[in-house]
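First up is the structure itself, then whatever we jot down about it.
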Protein chains: 2
Amino acid sequence: MVQYSQTHFDASFAALSDATRRGVLEQLGRSDASITELAEKFHMTLTGMKKHVNVLERAGLVTTEKVGRVRNCRLGRSRLEEEMAWIERYRQLWSARFDALDMVVEELKQKETSNGRNKAE
Amino acid sequence: MVQYSQTHFDASFAALSDATRRGVLEQLGRSDASITELAEKFHMTLTGMKKHVNVLERAGLVTTEKVGRVRNCRLGRSRLEEEMAWIERYRQLWSARFDALDMVVEELKQKETSNGRNKAE
DNA sequence: TGAATACTGAACCATATGGTTCAATATGGC
DNA sequence: GCCATATTGAACCATATGGTTCAGTATTCA
């Protein structure tokens, strides 16, 4: 079984599973921001936003740098390549699975109509 | 701000954030399975596996059907299209953001200094 | 120096998650 | 009918999550 880096996937998908954090990523896609700015934009305390940023940072989706008293947040190094690849692979499995089902259904239909007595499973 | 269906994203990304559940999806991509079969494959109690299947089902990634005393699990209708689209959009933001900054220049400079003669690429 | 700003850490809270055990229920086969 | 199989629900447990408040600490600026 292909293993990838399971804990890495855990972290990045979990990071994406929260609407606020997805919002933060979109925001940082437009411009870098401080904790204060993000907290205001998402109507949350500084401490609350800091936790979200920590989660995003641990997932590699955001990097931060403290400049003076301000922590500047920006998009991180992760471009979600592996996550995309995983989903793409899942989609291929999905397609294969349902193509196979379609074929089976089709075959059963043909057998049914062309051969009344054969009960083989 | 584009909204998509936030709670839908929450559910599907959260579903993908667990290694066991990703494994179940891969397994179901190969063949349908009962709760018992999945529980054995992933060394877990029936009840535990049932919970995972519930999570996947709520996220639309798996559908199940009770046939006699066996619950058959198969891949569901969701092909993660919207999730792929969200990630793709994020990747575009990411690219735009870093094209705008001189991070690329930064990288080139580092390459140049660490690799004296090669100036191209 | 001293006040305002920006963040951070600790502690707390309610709820969710990932797992278990145990007891019940429903079904299949003899 | 009886027994084994397959699932399910309730209850429990430990830990994680998403948020808060409050009390610091570090930095900026007048």
Side-chain angles (χ1 to χ4, degrees), chain A residues 5-28 31-74 76 119 121, chain B residues 5-28 31-74 76:
Chain A
S5 172
Q6 293 286 19
T7 60
H8 167 250
F9 277 1
D10 288 3
S12 48
F13 281 130
L16 294 180
S17 74
D18 181 273
T20 299
R21 286 192 292 264
R22 290 194 301 276
V24 167
L25 289 179
E26 301 205 6
Q27 178 55 42
L28 295 182
S31 69
D32 296 356
S34 67
I35 303 285
T36 297
E37 286 163 354
L38 292 173
E40 275 170 8
K41 179 113 34 189
F42 292 92
H43 313 97
M44 191 173 298
T45 59
L46 285 172
T47 310
M49 179 51 70
K50 180 64 168 22
K51 285 192 180 183
H52 282 305
V53 169
N54 284 343
V55 171
L56 289 166
E57 201 166 9
R58 267 182 258 123
L61 293 165
V62 161
T63 58
T64 72
E65 186 197 9
K66 189 110 180 212
V67 178
R69 58 185 170 181
V70 175
R71 179 168 297 278
N72 202 262
C73 308
R74 69 180 62 198
K119 290 185 174 179
E121 291 168 27
Chain B
S5 170
Q6 293 286 20
T7 61
H8 168 249
F9 277 1
D10 289 3
S12 47
F13 282 130
L16 294 178
S17 76
D18 181 274
T20 300
R21 285 194 291 265
R22 290 194 301 275
V24 167
L25 289 180
E26 300 205 8
Q27 178 55 42
L28 295 183
S31 68
D32 296 356
S34 67
I35 302 286
T36 298
E37 287 163 353
L38 292 173
E40 276 170 8
K41 180 113 31 190
F42 293 91
H43 313 98
M44 191 174 297
T45 58
L46 286 172
T47 311
M49 180 50 71
K50 180 64 168 25
K51 286 191 180 183
H52 281 306
V53 169
N54 284 343
V55 171
L56 289 166
E57 202 167 7
R58 267 182 257 123
L61 293 165
V62 161
T63 57
T64 71
E65 185 195 9
K66 188 111 181 213
V67 178
R69 58 186 170 182
V70 175
R71 179 168 298 277
N72 202 264
C73 308
R74 70 181 61 200

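Proteins come first, then strands; the chains are lettered A, B, ... in the order of their sequence lines, and each starts at number 1. Values in this document were obtained by computation on a predicted structure and should not be read as measured data.
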Establish, with yes or no, whether the OP1 or OP2 oxygen of [N] is under 4.0 angstrom from a side-chain nitrogen or oxygen of [X].
| X | N | answer |
| --- | --- | --- |
| Arg71(A) | dA6(C) | no |
| Lys66(B) | dT8(D) | yes |
| Thr47(B) | dT8(D) | no |
| Lys51(B) | dG18(C) | no |
| Arg69(A) | dA4(C) | no |

Could you give the [atom1]-to-[atom2] distance, from [X] to [N], as a whole number of Å?
| X | N | atom1 | atom2 | answer |
| --- | --- | --- | --- | --- |
| Leu46(B) | dG18(C) | CG | C1' | 16 Å |
| Phe13(B) | dA16(C) | CZ | C1' | 20 Å |
| Leu56(A) | dT17(D) | CG | C1' | 14 Å |
| Arg21(B) | dT17(C) | CZ | C1' | 8 Å |
| Asp18(B) | dT17(D) | CG | P | 12 Å |
| Glu37(B) | dA6(D) | CD | P | 9 Å |
| Ile35(B) | dT27(C) | CD1 | C1' | 16 Å |
| Asn54(A) | dT17(D) | CG | C1' | 13 Å |

Pairwise side-chain contact, His52(A) with Phe42(A), heavy-atom cut-off 4.5 Å (strictly under): no

Starting at the 5' end of DNA chain D, which residue's closest nucleotide do you reach first, Lys50(B) or Arg58(A)? Lys50(B)

Hey, does Gly68(A) reach any base, or is it just sugar-phosphate, or nothing, if we go heavy atoms under 4.0 Å? sugar-phosphate

Using every non-hydrogen atom in the two residues, find where Ala19(A) and Asp10(B) come nearest and quote the distance to one decimal. N-OD1, 3.6 Å

Look at the side chain of Arg58(A) and the backbone N and O of Ala15(A), then say whether any donor-acceptor pair between them is shorter than 3.5 Å. no

Main-chain N/O of Leu16(A) paired with Arg22(A) side-chain donor or acceptor, under 3.5 Å: yes

My understanding is that only one of Thr63(A), Leu61(A), Val62(A) makes a side chain to side chain contact (heavy atoms under 4.5 Å, CB included) with Leu28(A); could you say which? Val62(A)

